[in-house]
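Worksheet: the structure to be examined is printed underneath.
The basis for the numbers below is simple: all heavy atoms, side chains too, and nothing from hydrogens, waters or symmetry mates. Atoms within a ligand are numbered from 1 in the order they appear, just like the ligands themselves.
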Amino acid sequence: MAAAKRIGEPVLEVRDITLSFGGVRALLDVSLEIRAREILAIIGPNGAGKTSMLNVINGFYHPQEGTIAYKGRVRQRMRPHEAAEQGIARTFQNVALFRGMTTLDNIMTGRLLKMRRNFLWQTIHWGPALAEELEHRVFAERIIDFLEIESIRRTPVGQLPYGLQKRVELGRALAMEPELLLLDEPMAGMNVEEKEDMSRFILDVNDEFGTTIALIEHDMGVVMDISDRVVVLDYGRKIADGSPDQVRRDTAVIDAYLGVAHEA
Ligand SMILES: Nc1ncnc2c1ncn2[C@@H]1O[C@H](COP(=O)(O)OP(=O)(O)O)[C@@H](O)[C@H]1O
Ligand SMILES: [Mg+2]
C-alpha cells in the first residue's frame, strides 16, 4: 500500500534547466527531483514543456543551461541509448512501436540492450546465443503475463486498439528492467476502464519492482489517485511542487488551468 511505501533519496536531480528552440523557450530555469520509488506526476497545460522535460531527462534534448545529476553523478550530454543503459526507460506521447511486428517481438526489442552477444558471434557460436535468446523470451513472456496480454502476444500491434498499444509500449519499457521509468501520457485516448487498468499496472510496477516512475498525465483524477507528488509546469516554468492535495489547492495552479490564454 502507498502508506507503507518508503520513498528514498533523489535518483535524478534537475537543476536550473533552460531549453530553447530558436525563440521558443520550452523550459525556463526549472529544477526538480525524482526520488527513489516514488510516482511523480508532471502536469500542466498543453505546451507547458512537459514532454521537453522528459526529453531532457533521457537525453533526447540538450538544454542550453543547467545540470542533471543521475544517481548522484552530474552527467554531460547523455544520449538516449546511454540513458537506457543506465536504467532510464520511457514511453512516448504518440505510441512508438513497430506496427508490423507482434506484441511479443515488440517487447523483445526492449531486451536488445541486455543481449550481450552480437550477430557475428552468434553465427559462429549459435549454441550459447540460442540459450541466451531463450532466456530473453522467457523474460518477455513474464512481462506479457504481468500485463495480462497473453491473448494478443502474436498479434501485430498495428491491429490493436490504441489502449492495448499503450500497454504493449509499457511492456517494452519494462523489458529494459528500468530503475527510472518515464511515461508520457500513458492514458491519453483511453476510456475509463482502460485508464483504470493502466493505473493499476503503473501502481503494480512501482510496488512490485520498486521502480521509480515519472509520468505526464492530464486526467486529474488519475493524477490524484496514483501519484505521491506532483510537479506543475506552465509556460516552461515550474509553478508548483508538492503532494497531490497541496497542488490541488494551489492558487497558481488553479489559475493556470482556469486561465484564458491556454487554448492549445
Ligand atoms: N523539437 C522542437 N522544436 C521546436 N519547438 C519545440 C520542440 N519540442 C517542443 N517545442 C516547443 O516547446 C514548447 C513545449 O512543448 P512540449 O514540451 O511538447 O509541451 P507539453 O508536452 O507540455 O505539451 C512548445 O511551445 C513546443 O512547440
Ligand atoms: Mg507533451
Side-chain angles (χ1 to χ4, degrees), residues 12-34 39-68 77-81 83 88-97 162-163 165-167 169-170 172-173 178 180-190 194-195 198-199 202 213-224 226-227 229-242 244 247-248 250 252-264:
L12 190 107
E13 292 164 276
V14 170
R15 287 282 163 261
D16 307 321
I17 290 289
T18 293
L19 173 74
S20 306
F21 300 98
V24 178
R25 279 234 180 88
L27 294 168
L28 183 58
D29 210 19
V30 177
S31 298
L32 60 85
E33 43 192 47
I34 306 175
I39 298 179
L40 173 72
I42 300 174
I43 69 170
N46 279 324
K50 305 179 299 294
T51 297
S52 296
M53 179 51 79
L54 292 199
N55 283 337
V56 164
I57 291 172
N58 91 324
F60 267 115
Y61 292 167
H62 299 289
Q64 283 83 11
E65 314 254 352
T67 60
I68 297 177
R77 284 206 155 258
M78 188 194 279
R79 292 177 192 287
H81 75 270
I88 302 177
R90 75 171 287 186
T91 65
F92 296 85
Q93 190 166 346
N94 303 305
V95 173
L97 293 167
Y162 191 65
Q165 292 187 21
K166 295 288 249 190
R167 205 186 297 184
E169 204 188 17
L170 174 63
R172 182 177 58 185
L180 173 59
L181 180 59
L182 309 172
L183 305 173
D184 196 345
E185 301 198 23
M187 291 169 240
M190 287 189 173
E194 289 170 326
K195 280 185 189 182
M198 185 56 96
S199 296
I202 291 170
I213 298 173
L215 75 137
I216 297 172
E217 184 48 47
H218 282 293
D219 184 322
M220 291 304 281
V222 169
V223 168
M224 295 298 149
I226 72 172
S227 57
R229 197 159 57 85
V230 183
V231 161
V232 189
L233 298 179
D234 187 32
Y235 288 119
R237 292 172 193 269
K238 185 170 94 169
I239 59 166
D241 185 336
V247 162
R248 183 166 45 186
D250 189 295
V253 176
I254 293 166
D255 285 350
Y257 276 93
L258 302 179
V260 283
H262 286 286
E263 311 304 291

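Below 4.0 Å from some heavy atom of V24 lie the following atoms of ligand 1, by number and element: 25 (O). Of all atoms in ligand 1, numbered sequentially from 1 with element shown, those under 4.0 Å from a heavy atom of N46 are 23 (O).
Between the K238 side chain and the S31 main chain, a donor and an acceptor come within less than 3.5 Å of each other. At distances below 3.5 Å, not a single donor-acceptor pair connects side-chain atoms of R167 with backbone N or O atoms of E194.
Look at E169 and R90 and you find no salt bridge, because none of the NZ, NE, NH1 or NH2 atoms lies under 4.0 Å from a carboxylate O.
Residue G49 places at least one N or O, backbone or side chain, under 3.5 Å from an N or O of ligand 1. For ligand 1, one of its N or O atoms has an N or O atom of Y61 under 3.5 Å away. Among the atoms of Q93, none of the N or O lies under 3.5 angstrom from an N or O of ligand 1.
Protein heavy atom at the shortest distance from atom 16 (P) of ligand 1 is S52 OG, 3.8 Å. Of the protein's heavy atoms, F21 CD2, 3.4 Å lies nearest to atom 3 (N) of ligand 1.
Not counting sequence neighbours, the partners of D219 by the salt bridge (Lys or Arg N to Asp or Glu O under 4.0 Å) test are K195.
Residues A89 and A173 approach most closely at CB-O, 3.8 Å, considering heavy atoms.
Counting only protein N, O or S atoms, the number found under 2.8 Å from the Mg ion (ligand 2) is 2.
In this structure, the side chains of L215 and I226 come closer than 4.5 Å at one or more pairs of heavy atoms. Side-chain contact between V231 and K50: absent, with no pair of heavy atoms (C-beta onward) separated by less than 4.5 Å. With contacts defined as side-chain heavy-atom distances shorter than 4.5 Å, the pair D184/F92 does not qualify. Residues L27 and L233 meet the side-chain proximity criterion, which asks for heavy atoms closer than 4.5 Å.
Inside a 4.0 Å radius of atom 12 (O) of ligand 1 there is at least one protein heavy atom. Protein heavy atoms are absent from the 4.0 Å sphere centred on atom 26 (C) of ligand 1.
Residue-environment remark: CD (E65) stays at or below the threshold of 12 foreign heavy atoms within 6.0 Å. In the displayed structure, R237 atom CZ is contacted under 6.0 Å by at most 12 heavy atoms of other residues, nucleotides or ligands.
In T51, the parts holding a heavy atom less than 4.0 Å from any atom of ligand 1 are both the side chain and the backbone.
With G47, A26, G236, A48 as candidates, the residue nearest to atom 24 (C) of ligand 1 on a non-hydrogen basis is G47.
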